[in-house]
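What follows is a set of notes on a single structure, which appears directly below.
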Amino acid sequence: MNEIDEPCLELNEIIYHITGEFWKQAYYGLLTKQKTYESEPDIPAHQAVCELRKELKLLAKENKLKCTAFSHNEHFYVSLIPYPIYIGIERETGDFSISAPHISTRHFTHSEYKAGLKWIQDYINIDIKPLTEKTQAVREKFYLNTKSAEIVTVSIKALCNSILGKKSWKYKLHQTRLRSEIMFQVPDSTVYELEIYHKPFSNDASMLIDLLNNPREVKVVDNVSCAVVHCCEDEIKAMVENLRNLQEAAV
């Protein structure tokens, strides 16, 4: 199918979740490393502030970052560009905070200025290549443009009607741009829930056709899954009644 890059909110949500999980793990990694860094309890606050400001300039130079600084009232402010990483330092106490994209702001006392510098360097050292590769893989696995997605949804709807409808099996179909969810009941009253991604289906429809004709529990990662819905008898009855009402409304 011809692919034309178009905005896709559903795909963006998948990538947002992956990105959030990556940075959550990266943040935990930073916290773990912090446990190995010792503070300097005897250093005066004014000296710690001087050392921190000096070392921030060196750190920026070593990492080829632009360092900008200014003071306002009782604070010094330092920015490391282009990340950007922001450092706010209290003049009197020497306590400071570090803010960086994707992670929570971290607060340090003046005696922890070396740990703060390590925090910044460890953040800069985070390898985002695995994240970039994973998000690109997700795009390749799931992305369909609007036209292609429309063709797939119509095809799946037609299959449900020709297979499940022909068998007079009650079913419910919910579709988005990237996937379809099918809930249906077989003659022995078992209810199945089937989920299939549209991009794999566009390459090979045989798996869905087979599962609609011969439902069973199956899970193929990033492709299709089919499972028995385990509910109490009353819930099953309500579910079946809902399927019946939906099917009658569609006729």
Side-chain angles (χ1 to χ4, degrees), residues 5-143 178:
D5 193 27
E6 301 170 341
C8 180
L9 179 60
E10 191 176 356
L11 182 65
N12 290 343
E13 288 175 349
I14 295 173
I15 292 174
Y16 178 81
H17 175 75
I18 291 171
T19 302
E21 187 61 30
F22 173 86
W23 283 105
K24 182 172 74 173
Q25 294 304 319
Y27 180 70
Y28 290 155
L30 293 176
L31 291 176
T32 299
K33 289 181 179 180
Q34 279 288 302
K35 294 177 182 178
T36 65
Y37 305 142
E38 297 179 0
S39 61
E40 295 192 19
D42 297 331
I43 188 170
H46 71 277
Q47 184 180 342
V49 170
C50 290
E51 289 292 326
L52 177 59
R53 296 177 69 192
K54 180 183 74 174
E55 291 296 328
L56 283 172
K57 292 179 182 178
L58 291 174
L59 185 148
K61 185 177 181 180
E62 290 171 359
N63 290 280
K64 299 179 180 179
L65 302 175
K66 180 181 178 181
C67 181
T68 62
F70 69 94
S71 60
H72 179 68
N73 294 333
E74 300 303 315
H75 291 82
F76 294 111
Y77 297 97
V78 181
S79 300
L80 303 181
I81 309 299
Y83 277 91
I85 299 171
Y86 298 112
I87 303 96
I89 310 165
E90 293 185 10
R91 286 177 184 267
E92 186 175 343
T93 66
D95 295 347
F96 60 101
S97 61
I98 301 172
S99 300
H102 308 295
I103 64 172
S104 300
T105 297
R106 178 79 170 168
H107 301 279
F108 297 85
T109 63
H110 77 274
S111 63
E112 298 172 319
Y113 81 92
K114 288 186 178 180
L117 291 166
K118 289 287 188 180
W119 177 267
I120 295 172
Q121 187 61 60
D122 289 340
Y123 175 85
I124 293 171
N125 291 341
I126 293 172
D127 182 9
I128 64 169
K129 185 178 178 181
L131 174 61
T132 303
E133 292 175 345
K134 194 167 185 178
T135 54
Q136 183 58 39
V138 165
R139 291 181 186 278
E140 292 174 0
K141 284 179 183 178
F142 301 125
Y143 178 80
L178 301 184

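Nothing here was measured: the structure is a model prediction, and the numbers come from that model. Atoms considered below: every heavy atom in the structure, side chains included; atoms not considered: hydrogens, waters and symmetry mates.
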> Stepwise, does the side-chain contact (heavy atoms from CB on, under 4.5 Å) test hold for I43 with H110?
Replying inline: CA-CA 8 Å; I43 188 170; H110 77 274; 4.0 Å; yes
>> Evaluate E51 against K54 for side-chain contact (heavy atoms from CB on, under 4.5 Å), listing each step before the verdict.
In response: CA-CA 5 Å; E51 289 292 326; K54 180 183 74 174; 3.6 Å; yes
>> Tell me the closest heavy-atom pair linking G94 and I89, and the distance in Å.
In response: O-CG2, 4.2 Å
> Looking at side-chain heavy atoms only, is the closest gap between I124 and I85 below 4.5 Å?
Replying inline: yes
> To the nearest 0.5 Å, how far apart are OG1 in T19 and CG in L131?
Replying inline: 4.5 Å
>> For the CD1 atom of I15 and the CD atom of Q136, what is their distance to the nearest 0.5 Å?
In response: 8.5 Å
>> Measuring from atom OH of Y113 to atom SG of C50, what distance do you get when rounded to the nearest 0.5 angstrom?
In response: 10.5 Å
> Can you tell me if CD on E92 sees more than 12 non-hydrogen neighbours from other groups inside 6.0 Å?
Replying inline: no
>> Pairing donors with acceptors under 3.5 angstrom, does anything connect the side chains of Y37 and D122?
In response: yes
> Do other residues, nucleotides or ligands put more than 12 heavy atoms under 6.0 Å from the NE2 atom of H75?
Replying inline: yes
> Do other residues, nucleotides or ligands put more than 12 heavy atoms under 6.0 Å from I81 CD1?
Replying inline: yes
>> Any non-hydrogen side-chain atom of Q34 less than 4.5 Å from a side-chain atom of F108?
In response: yes
> Does a sphere of radius 6.0 Å around CD in E38 hold more than 12 heavy atoms from other residues, nucleotides or ligands, not counting ones at 6.0 Å or beyond?
Replying inline: no
> Between the side chain of E112 and the main-chain N/O of T109, is any donor-acceptor distance below 3.5 Å?
Replying inline: yes
>> Can you confirm whether E40 sits close enough to K114 that some side-chain heavy atom of one is under 4.5 Å from a side-chain heavy atom of the other?
In response: yes
>> Just verifying a value: how many Å separate I87 CD1 and C67 SG, rounded to the nearest 0.5 Å?
In response: 7.0 Å
> Taking atom CD of E21 and atom CD1 of I18, what is their separation to the nearest 0.5 Å?
Replying inline: 10.0 Å
> Passes side-chain contact (heavy atoms from CB on, under 4.5 Å), E55 versus L58? Steps please.
Replying inline: CA-CA 5 Å; E55 291 296 328; L58 291 174; 3.9 Å; yes
>> Would you say that L11 contacts R139 through its side chain, given a criterion of any heavy-atom pair below 4.5 Å between the two side chains?
In response: yes
> So, does N63 use its side chain to make a donor-acceptor pair with the main chain of L65 at under 3.5 Å?
Replying inline: no
>> Check the orientation of W119 and Y27. Use parallel for under 30°, tilted for 30 to 60°, and perpendicular for over 60°.
In response: perpendicular
> Taking R106 for the side chain and I120 for the main chain, is one N or O donor matched with an acceptor at less than 3.5 Å?
Replying inline: no
> Relative to the ring of W23, is the ring of H102 parallel (under 30°), tilted (30 to 60°) or perpendicular (over 60°)?
Replying inline: parallel
> Does any N or O in the side chain of Y123 come within less than 3.5 Å of the main-chain N or O of P101, such that one atom is a donor and the other an acceptor?
Replying inline: yes
> So R53 and F96, side-chain contact (heavy atoms from CB on, under 4.5 Å) or not? Walk me through it.
Replying inline: CA-CA 11 Å; R53 296 177 69 192; F96 60 101; over 6 Å; no
